[in-house]
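These notes concern the structure reproduced below.
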Amino acid sequence: MEKENIAVGLDIGTTKIVAMIGKKNEYGKLEILGIGKSKSLGVARGVVNNITQTIQSIQQAIQEAENNSGYKIKDVVVGIAGQHIRSIQHTDYISRNNPEEVIGENDIQLLIDQVNKLAMLPGEEIIHVLPQEFKIDGQSEIKEPIGMYGGRLESSFHVVVGQASSIRNVGRCIQSSGIELSGLTLEPLASADAVLSQEEKEAGVALIDIGGGTTDLAIFKDGIIRHTAVIPFGGNVITDDIKEGCSIIEKQAELLKVKFGSAWPGENKDNEIVSIPGLRGREPKEISLKNLSKIIHARVVEIIDQVFTEVKAYGHEDPRKKLIAGIVLTGGGAQLKHIKQLVEYITGMDTRIGYPNEHLAGNSDEEISSPLYATAVGLVMNSIQNNSQSAVRMDAIEPPKVVYRAPVTQIQEVVVPVTEAEVDAQNFGGKQVSTGDKIQRSFFDRYVDKIKDFLDNAE
């Protein structure tokens with residue numbers, strides 16, 4: 001029987017953590033086998049600030065996904081976001097020893113390795129190197145240089161940079177949750193994979209993913225990633241504003257935003273009022289929906305203005321860089337009433353809401369097709385591209401349990417006493433090497449290995 005290619009994505013967000021297990025069906029569509037979500041504790045604006053709480057939240061989401069699917073998760077592809085992420089444009093070149101030989105993957109890897117040696121600010125590391133257009137002996141606008149002849153190979157790169165400590169903290173949380181890290185993906189790129197079509201990427205499009213703690217931006221033009229940014233504001237600041245402005249507790253503010261919130265104040269009449277139960281027998285509080293919309297509107301305008309500043313920084317106003325497909329909104333914040341109209345009004349660009357249903361199998365749960373799960377779906381798609389075997393059926397892993405026990409005594413005799421959990425983790429890590437070998441050319445996977453080495457040495 002053919003081995004199933006089971007993929008797992010883990011979206012560590014500020015408000016929720018989602019573990020999603022999926023596989024490709026016979027039609028090439030993504031079939032979701034199980035999903036688990038938990039309230040995200042210990043994450044603020046996309047960055048881990050409490051290791052213990054984050055581990056508990058991850059374990060809860062993983063457990064739920066395993067129970068729903070009947071699969072045991074071994075490793076995950078994780079999304080990276082947070083206000084520490086920034087991107088730069090860089091151009092570099094190599095001179096080839098033998099111009100009579102065709103350009104191969106080794107030449108491109110050599111060029112990418114050269115970019116990885118760029119000097120960064122203290123504490124920062126390069127986490128993504130994305131080649132854009134190539135130039136061979138002065139001939140520009142080459143998208144695929146492999147197989148061509150030339151002496152000087154040049155390329156422009158989109159380089160994504162982040163705080164090494166923040167990324168290692170994520171790695172630590174995953175390892176401590178009893179699973180392995182098989183890949184890292186920038187969250188805006190994962191969301192883009194899930195909700196954008198190739199035509200939109202060719203025409204030029206800005207993807208805005210409004211999450212709980214951050215708003216992620218990814219700009220594509222001519223099918224190539226041109227700009228990424230993470231803005232440290234999201235749905236949570238809207239909830240905080242409602243809480244302060246209406247003098248209510250956070251839970252009530254969130255419910256108000258989801259059920260009655262609108263980004264367009266003109267929508268509500270002055271006499272529309274919602275009653276909030278008082279705390280501990282106090283009088284109910286009456287809140288005008290018009291005032292509620294004004295609070296939401298002010299904050300959403302601020303978020304969209306910041307995103308639009310990034311779009312203009314990319315050069316959208318240049319006719320050659322114009323984003324013909326406009327804007328695609330996704331993430332939980334995209335579900336806010338009338339946000340599409342507000343974005344169109346502020347930016348003057350065509351806007352649509354992005355649903356990840358294009359890549360999902362027809363029988364998928366309606367809930368999974370929500371913009372809320374765009375990043376998680378994108379991460380599962382990324383894991384499938386890596387050909388990873390990230391989960392196995394529960395019934396398939398029962399017999400080999402005895403096999404895993406054998407090395408325990410060996411390790412305890414030869415080295416130092418270690419816990420059973422650590423040995424299991426090492427075994428899983430050992431099994432993962434073959435998966436990583438297949439995609440060793442990718443810099444991202446070597447970066448993951450670097451994080452693993454760091455975590456192992458830290459112990």
Side-chain angles (χ1 to χ4, degrees), residues 1-13 16-38 58-80 174 177-197 209 330-332 354-397 428 431-432 435-436 438-439 442 444-445 448:
M1 196 178 80
E2 195 182 327
K3 200 176 181 184
E4 280 185 308
N5 176 15
I6 307 298
V8 184
L10 184 69
D11 176 14
I12 302 176
K16 68 180 189 327
I17 289 178
V18 178
M20 196 178 272
I21 305 174
K23 67 173 183 179
K24 259 192 181 173
N25 65 11
E26 63 268 35
Y27 307 109
K29 294 287 184 183
L30 184 61
E31 187 183 323
I32 302 301
L33 302 169
I35 184 169
K37 60 179 186 290
S38 63
I58 290 172
Q59 286 173 332
Q60 199 178 325
I62 293 286
Q63 186 73 52
E64 192 182 317
E66 288 178 340
N67 292 344
N68 288 344
S69 65
Y71 282 83
K72 176 73 179 168
I73 293 172
K74 295 192 300 178
D75 58 63
V76 292
V77 168
V78 178
I80 290 290
I174 287 157
S177 302
I179 48 177
E180 285 292 323
L181 180 65
S182 67
L184 284 166
T185 299
L186 193 63
E187 289 200 353
L189 298 182
S191 304
D193 285 342
V195 304
L196 297 181
S197 68
D209 184 345
T330 193
Y355 298 91
N357 50 8
E358 186 186 330
H359 302 283
L360 293 173
N363 60 350
S364 294
D365 192 333
E366 197 178 319
E367 186 194 15
I368 297 165
S369 303
S370 158
L372 204 67
Y373 296 110
T375 303
V377 169
L379 291 170
V380 175
M381 287 169 64
N382 188 275
S383 183
I384 283 175
Q385 284 168 4
N386 291 352
N387 292 320
S388 53
Q389 179 62 30
S390 298
V392 289
R393 286 184 183 278
M394 294 281 194
D395 48 19
I397 60 165
F428 275 135
K431 288 190 80 174
Q432 184 53 41
T435 307
K438 293 175 191 170
I439 42 172
S442 160
F444 231 6
D445 293 293
V448 171

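- Using a 4.5 Å heavy-atom threshold, the side chains of I6 and V392 count as separate.
- Taking NZ of K16 as the reference point, atom CG of L372 lies at 4.5 Å (rounded to 0.5 Å).
- With L10 as the partner, the side-chain contact (heavy atoms from CB on, under 4.5 Å) test is satisfied by one option alone out of I174, V77, L379: I174.
- S182 places a side-chain N or O within 3.5 Å of a backbone atom of V76 that can act as its donor or acceptor partner.
- Applying the side chain to side chain donor-acceptor pair (under 3.5 Å) test to D11 and every residue at least two apart in sequence or in another chain returns nothing.
- Evaluation of the side chain to side chain contact (heavy atoms under 4.5 Å, CB included) rule for S177 yields I55, I58, Q59, I179 as partners, not counting sequence neighbours.
- Taken from CG in N382 to CG in L184, the straight-line distance is 9.5 Å, to the nearest 0.5 Å.
- Residue pairs satisfying the salt bridge (Lys or Arg N to Asp or Glu O under 4.0 Å) criterion with at least one member in residues 371-384, sequence neighbours excluded, are absent.
- Remark: the backbone N or O of I73 is paired with a side-chain donor or acceptor of E66 at under 3.5 angstrom.
- Within the 4.5 Å cutoff, side-chain heavy atoms of Y355 are placed close to those of P371.
- Taken to the nearest 0.5 Å, the CE atom of M20 stands 10.0 Å off from the OG1 atom of T375.
- For E367, the salt bridge (charged side-chain N to carboxylate O under 4.0 Å, His left out) partners two or more places apart in sequence, or in a different chain, are K37.
- The minimum heavy-atom distance linking A194 with A374 is given by the pair CB-O, 3.2 Å.
- Across all their heavy atoms, V8 and S383 have their closest contact at N-OG, 3.5 Å.
- In this structure, CD1 in I12 is found 8.5 Å from CD in E187, a value given to the nearest 0.5 Å.
- In terms of the side chain to side chain contact (heavy atoms under 4.5 Å, CB included) criterion, residue partners of S38 (sequence neighbours excluded) are, by chain and number, I17, S57, Q60, A61.
- T330 pairs by the side chain to side chain donor-acceptor pair (under 3.5 Å) definition with nothing, not counting sequence neighbours.
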Show me the side-chain donor-acceptor pairs of residues 27-35 shorter than 3.5 Å, one per line, residues at least two apart or across chains.
unit_1	atom_1	unit_2	atom_2	d
K29	NZ	E358	O	2.6

